[in-house]
Amino acid sequence: MAKKTKKPNNNSNQKPAQNQPKKPNNKKGFGFSVHFGSTILFFLLIIAVYSIFSEKESKVTNVPFSEVASEVRLGNVKQITVSADKLEVVKNDDTKLKSKKESESSLSEALTNYGVMPEQINKVIIEVKSQSGFSYWALALLPIFLPIGLIIFFIWMLSRQMKGSGMQAFTFGQSRARITNPNDKTNQVTFADVAGVREAKHELEEVVDFLRNPQKFLDIGAQIPKGVLLTGAPGTGKTLLARAVAGEAGVPFFHLSGSEFVEMFVGVGASRVRDLFQMAKRASPAIVFIDEIDAVGRVRGTGVGGGNDEREQTLNQILVEMDGFEPNAKVIVMAATNRSDVLDPALLRPGRFDRRVVLDLPDRRDRKEILQIHMRKKPMGADVNIEVIAERTPGFSGADLYSLMNESAIMAARQNKKELNQSDLVASIEKVMIGPERKSHLLSVAEKRITAYHEGGHALLASLLEYADPVHKVSIVSRGSAGGYTLKLPLEERKLQSKKEFLDDIVVSLGGFVAEEMILGTTTTGPSNDLQVSTALARAMVTRFGMSDAIGPMALESNGGRVMFGGGVDGQYSPEMSAKIDSEVSKIMNESFERAKTLLSENKNILDAIANKLVEVENLEQDEYEKIIVSFGIKLKKKLI
Ligand code: ADP
Ligand code: MG
Ligand code: ZN
C-alpha cells in the first residue's frame, strides 16, 4: 500500500520540477521568433546587396565575342582589358562592352580567327590584367562557400537561442539544476525557519561549519563527509533543511530532483550528473542537493520497471562523481528520500552518503514551534491557543502543519476577517486530516494510550532488568509502520552476549505485548514484530548458541538466516530434534512472558506514570525518562565492567 500512495506523490513532485524550466521557455520562445525574424532580414539584405552589384554589372552590355571582333574590324574600339577569359571593351565613344573569349587562345589569336587584320588589332590598346590571386579565388569560391557559411551561421544562431530553452534536442545533456545564489536574500532559508528536528540540525551544523571555513578542517587533515542523506517521512522538512544548510553556509546550492535526471533518451541522466558536478566544482565550496534520490538510486539489477538501464547509468555516474572528488574538493552532496529502504547499498557505502540524518515526525513541542514559524506572517487573533492545536495534531508532519495554517488563513480571508481565530485553526485540522494519506498515521486518543503503554512496557522492563540495555528515548510518534519506538543503546560496545542478556532482551521485547494485555485485557497487532524478533532470538539461542539445557552445546543451524524458517538446508536434524527445539523455544518464550508479566504488574504504578507522560509529550528523552523512574526509587544502571 505504501508503494501505491508513493507513486502519485513522486509524480506531483516531478511536475513542478519540470514546469519550472518551462516558464522561461515562453520568454525564450518569443526571443527565438525575434531572432528568426532578424535572420530572415539578414538574408534579404544579402540578396539586396547582391542584386545591386549584379545590376551595376548589367549596365555594361554583354556581347558575343563575334561582335567585339566586328567592332575592332570597324575601328570603333579604343581599349580592351583582358583578365583571364574576360574582356572589357572600351569603345571610342567611351561606351563599355563586356565579353568573353575562349580561355585557351590569346586575344589576338582569337581576333585573327574572327578575320580581324593585325593592323586593326594594333590600333587597339590591349591591356592584360593577370587576375590577382585573392579576388580570383574569392570570385571562384564565393558561390560555393557563401551558402555553406550562411547555413552554418543559421545553425549557430538557432543553437545559441535554444540553449537553456525547452528544445531538448540541443540541451538534453545539460544539467537543469536550479541554483540558489547565496547573495539572493529573498529566497533564503536558515535554520531558524526549521523547527524541531534537533538532532538533524545538530548533525548538519558540522556541514555548515565546514562549508563556511573549509581550510580549518583541511589544515588539520580532517576528511569531511562527501554525502549526507536525509531520510524521513514525506513533509518532515528534508528539502527545507537542505536549503537551510545552504542558507546558513552562504554557498551556492545546486538543486535537482532525482526524476529530472531520467529522460526519454538513454545516457542523458549520466551526462546531466557530469554537468551538475562540474558546475558545482567550479563554484566550490558548494552544495549539490539531489532531492527524491530514490528515483535514480533504487537497488540496481532488479529488473523492475522499464528504463532500468538509464537509471543504472545515472546512478553509476553519481557514484563515479562522488568517488572522483579530490579530498579537498569543497563540494558536499546532500540527498533526500523517504524511501531509504529501497536505495542501492552502493550509495550508502562509506565515502558516499555515509552520513545519514533521520528526520522524525514532530512531537508536540515541535509541532508548536512549527506552527509558530508559519504563524509569523499571519495576523493572529487574541483567542488563538497554539498549544491546543499542537496537542490535537499528533501525526501531522511539518508540511501538514504548514497547510493547516494556510487553510486557516484562506478560511479567514473568505469570511473577510482581518485576523485568524482559534475556530479557523480547529476547523482546518479536519480539513488537512481528510487529505488522502493523513488519516493513516494520525493516532486516535485510544491508540495513543495503547501505544504509550506498549512503549512504556518495553522501557520499564529495560530499566528493571539487570542485563538489558538502558533506555535512550521513548516515543509514541509513529515511525514507519511502527506505532512508536523505544530506543535502547548498550552502555558499551559488545562483541559477546551472554545467555542472561539474551533472556533479558526477550523479556523486554515482550513488554509491549504484556503491557497491552494488562490495560486492554486483549492485544492488538502492534506487538507482532516484537514477537517475531524475540521468537527468532529464542530459537537462535537453542539452535545456534547451545544455550538450552535440554539440547546442550550443539549448533544445529548456521547463521545463514535460517533461524526464522527452521530446518532448511543446513538444518539437518531428526523430527524428534525438531520437536525438542520447538519445546525449548516455547519454554524460553513462556518463562520470559511470565517474568515480564510479574515485573510489570508489580510496578504498575510506574508504568502508568510513564504512559501518562508519554500521552502528554509523545517523546521522552533519556533524562526526562530517568527522572520518572528515579522518582519511584529505581536505581539507574551503572556501567557494566
Ligand atoms: P520533504 O522534503 O521532507 O517532503 P519539505 O521540506 O518539502 O518536506 O516540507 C514542505 C513544507 O513543510 C516546507 O516548505 C515547510 O513550509 C513545511 N515544513 C516541513 N517541516 C518543517 C519544519 N520542521 N519546520 C518548519 N516548516 C516545516
Ligand atoms: Mg522534499
Ligand atoms: Zn513493541
Side-chain angles (χ1 to χ4, degrees), residues 6 9-10 12-14 16-17 187 189-201 230-245 255-259 289-295 334-340 357-363 365-377 396-406 432 437 450-462 474-476 478-479 481-488 505 507-516 523-534 596:
K6 236 252 94 188
N9 227 0
N10 240 354
S12 69
N13 263 331
Q14 200 170 336
N187 280 325
V189 179
T190 63
F191 280 160
D193 298 307
V194 190
V197 293
R198 266 168 286 277
E199 286 135 56
K201 275 205 247 180
L230 303 171
T231 61
T236 41
K238 298 180 293 294
T239 309
L240 185 72
L241 195 56
R243 292 182 53 204
V245 170
H255 178 174
L256 207 80
S257 186
S259 55
F289 178 51
I290 306 173
D291 210 350
E292 316 284 343
I293 195 173
D294 44 301
M334 293 179 76
T337 177
N338 40 34
R339 300 289 316 273
S340 63
V357 176
V358 180
L359 280 75
D360 289 324
L361 281 173
D363 64 11
R365 182 168 51 144
D366 299 340
R367 289 200 297 271
K368 186 179 158 199
E369 285 174 17
I370 294 174
L371 284 168
Q372 276 165 342
I373 283 180
H374 294 298
M375 239 162 66
R376 284 194 297 221
K377 281 179 200 147
F396 271 46
S397 68
D400 292 336
L401 294 168
Y402 165 77
S403 95
L404 186 154
M405 270 296 165
N406 199 37
V432 174
E437 48 190 331
I450 296 168
T451 312
Y453 270 93
H454 177 118
E455 298 304 331
H458 286 309
L460 182 55
L461 286 177
V474 195
S475 168
I476 58 167
S478 67
R479 189 187 249 201
S481 60
Y485 58 96
T486 300
L487 195 64
K488 301 170 287 147
D505 278 352
V507 177
V508 171
S509 296
L510 291 172
F513 183 81
V514 173
E516 283 190 27
T523 58
T524 66
T525 53
S528 69
N529 185 48
D530 293 342
L531 292 178
Q532 258 175 37
V533 171
S534 49

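Since we're looking at a predicted model, the values are computed, not measured. Note that ligands are numbered from 1 as they come in the structure, with each ligand's atoms numbered from 1 the same way. FYI, side chains are in, hydrogens and waters are out, and symmetry mates aren't considered; it's all heavy atoms of this structure. Just so you know, residue 1 is the first one in the sequence shown, and it goes up from there.
- Between L240 and ligand 1, an N or O atom pair is found at a separation short of 3.5 Å.
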Checklist line | V194 and I370: CA distance, side-chain angles, deciding distance, side chain to side chain contact (heavy atoms under 4.5 Å, CB included) verdict | finding: CA-CA 7 Å; V194 190; I370 294 174; over 6 Å; no

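- Summarising the geometry of K201 relative to G196, their closest heavy-atom pair is CE-O, 3.4 Å, with the distance given to 0.1 Å.
- Evaluated by nearest non-hydrogen atom to atom 9 (O) of ligand 1, the leading choice among S403, G237, S397 is G237.
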Notebook entry, point to check: Yes or no on side chain to side chain contact (heavy atoms under 4.5 Å, CB included) for L404 and F396, after CA distance, side-chain angles and deciding distance?
Noted result: CA-CA 10 Å; L404 186 154; F396 271 46; 3.7 Å; yes

Next item on the list: Begin from the C-alpha positions of D291 and K238 and carry the test salt bridge (Lys or Arg N to Asp or Glu O under 4.0 Å) through to its verdict.
Entry: CA-CA 9 Å; D291 210 350; K238 298 180 293 294; over 6 Å; no

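- Scanning all heavy atoms of the two residues, the minimum distance from S397 to P362 falls at CA-CD, 4.0 Å.
- In this structure, the protein non-hydrogen atom closest to atom 10 (C) of ligand 1 is A399 CB, 3.9 Å.
- When the N, O or S atoms of H458 are ranked by distance to the Zn ion (ligand 3), NE2 comes first.
- Under 2.8 Å from the Zn ion (ligand 3) lies an N/O/S atom of D530, whether from backbone or side chain.
- Within the 4.0 Å heavy-atom cutoff, H374 counts among the residues contacting ligand 1.
- For ligand 1, the atoms closer than 4.0 angstrom to any heavy atom of V194 are 23 (N), 24 (N).
- Taking a cutoff of 4.0 Å between a charged side-chain nitrogen and a carboxylate oxygen, D193 and R376 qualify as a salt bridge.
- The distance from the CD1 atom of I373 to the OH atom of Y402 is 13.0 Å, given to the nearest 0.5 Å.
- Residue T236 approaches ligand 1 through these ligand atoms, each under 4.0 Å from one of its heavy atoms: 3 (O), 8 (O), 20 (N).
- Residue A195 places at least one N or O, backbone or side chain, under 3.5 Å from an N or O of ligand 1.
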Item checked: Pair V197-T236, side chain to side chain contact (heavy atoms under 4.5 Å, CB included): steps then yes or no -> CA-CA 9 Å; V197 293; T236 41; 5.6 Å; no

Margin query: Using the rule given for side chain to side chain contact (heavy atoms under 4.5 Å, CB included), can you reason through T231 versus V358, listing the C-alpha separation, both sets of side-chain angles and the distance that settles it, and then say yes or no?
Written below: CA-CA 5 Å; T231 61; V358 180; 3.7 Å; yes

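- Inclusion of Y402 in the set of residues having an N or O under 3.5 Å from an N or O of ligand 1 is not warranted.
- Taking distance alone, with nitrogen or oxygen atoms compared against 3.5 Å, T239 approaches ligand 1 more closely than that limit.
- Remark: ligand 1 atoms within the under-4.0 Å shell around heavy atoms of G398 are 12 (O), 17 (C), 18 (N), 19 (C), 20 (N), 21 (C).
- In this structure, D193 is part of the shell of residues with a heavy atom less than 4.0 angstrom from ligand 1.
- In terms of heavy atoms, A459 sits closest to V474 at CB-CG2, 3.8 Å.
- Checked against the Zn ion (ligand 3), the N, O or S atom of H454 at the shortest distance is NE2.
- When only interatomic distances are considered, the shortest N/O to N/O separation between G235 and ligand 1 falls below 3.5 Å.
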